[in-house]
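Remember, it's a predicted structure, so these values are computed and weren't measured experimentally.
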Amino acid sequence: MSTSDHSAAPASFSVSVADVDLEPEDLDPDQIVSGDPVVTGKVLWESPDGSQVRGIWQITPGVVTDTEANELFVVVSGRATVEVEGGETLEVGPGSACVLREGDKTTWTVHETLRKAYHISY
């Protein structure tokens, strides 16, 4: 029998990733390589110490750069090419599960508006 204390844990829940209303997020203009991409998202859960975040994120077509956190995500819709500096070029689309390492420098070429569900660890 487990003696874990779940009183501080968030309630279990389920959402339709495709239907969650997203909120505008800032995108540093220095990250934009081309196009006019717009970023929206919704944090579904964050640990009390801020070391873990789970949510949904979306970006419209364009090319942007980023420095990644330790992240696992699954693409729900859309397509993108993610070039990891000094590493692989990842083609992601619906159903793709992707892991990015903290500190990876990436260039995202978003071909179709991309929506993903993610878990980030800091």
hydrophobic_cluster_shared for [Y] and [X], side chain cutoff 4.5 Å:
X	Y	answer
V15	V76	yes
V99	W57	no
V39	W108	yes

Between S51 and D49, do the side chains contain a donor N or O and an acceptor N or O under 3.5 Å apart? yes

Is there a donor in the side chain of T65 and an acceptor in the side chain of Q31, or the other way round, less than 3.5 Å apart? no

Closest non-hydrogen atom pair between [X] and [Y], with its separation:
X	Y	result
L114	A80	CD1-CB, 3.7 Å
L27	I32	CD2-CG1, 3.8 Å
E25	G41	OE2-CA, 3.2 Å
P94	G78	CD-O, 3.2 Å

Hey, is the main chain of [Y] close enough, under 3.5 Å, to the side chain of [X] for a donor-acceptor pair?
X	Y	value
S96	V75	no
D28	D30	yes
R115	V17	yes

Side chain to side chain, Q52 and H119, heavy atoms closer than 4.5 Å: yes

Atom pair [atom1] ([X]) and [atom2] ([Y]), whose distance is rounded to the nearest 0.5 Å:
X	Y	atom1	atom2	value
R79	E112	CZ	CD	4.5 Å
T106	D104	OG1	CG	7.5 Å
E83	T89	CD	OG1	5.0 Å
L72	I120	CG	CD1	10.0 Å
E88	C98	CD	SG	11.0 Å
I56	L22	CD1	CG	6.5 Å

Determine, stepwise, if the pair V53 / Y122 fulfils side-chain contact (heavy atoms from CB on, under 4.5 Å). CA-CA 9 Å; V53 180; Y122 294 101; 3.9 Å; yes

Please evaluate residues L90 and T81 with respect to the criterion side-chain contact (heavy atoms from CB on, under 4.5 Å), reporting the C-alpha separation (whole Å), side-chain torsions for both, the decisive distance (0.1 Å), and the verdict. CA-CA 6 Å; L90 313 171; T81 302; over 6 Å; no

Under the side-chain contact (heavy atoms from CB on, under 4.5 Å) criterion, do V64 and I59 qualify, and how do the steps go? CA-CA 10 Å; V64 298; I59 186 169; 3.9 Å; yes

Check this for me: does any side-chain nitrogen of one of K116 and E71 sit under 4.0 Å from a carboxylate oxygen of the other? yes

Between E23 and K42, does a salt bridge (charged side-chain N to carboxylate O under 4.0 Å, His left out) hold up when you go through it step by step? CA-CA 6 Å; E23 301 161 3; K42 177 87 174 181; 3.4 Å; yes

Show the numbers, then the answer: is there a side-chain contact (heavy atoms from CB on, under 4.5 Å) between V63 and V110? CA-CA 6 Å; V63 180; V110 180; over 6 Å; no

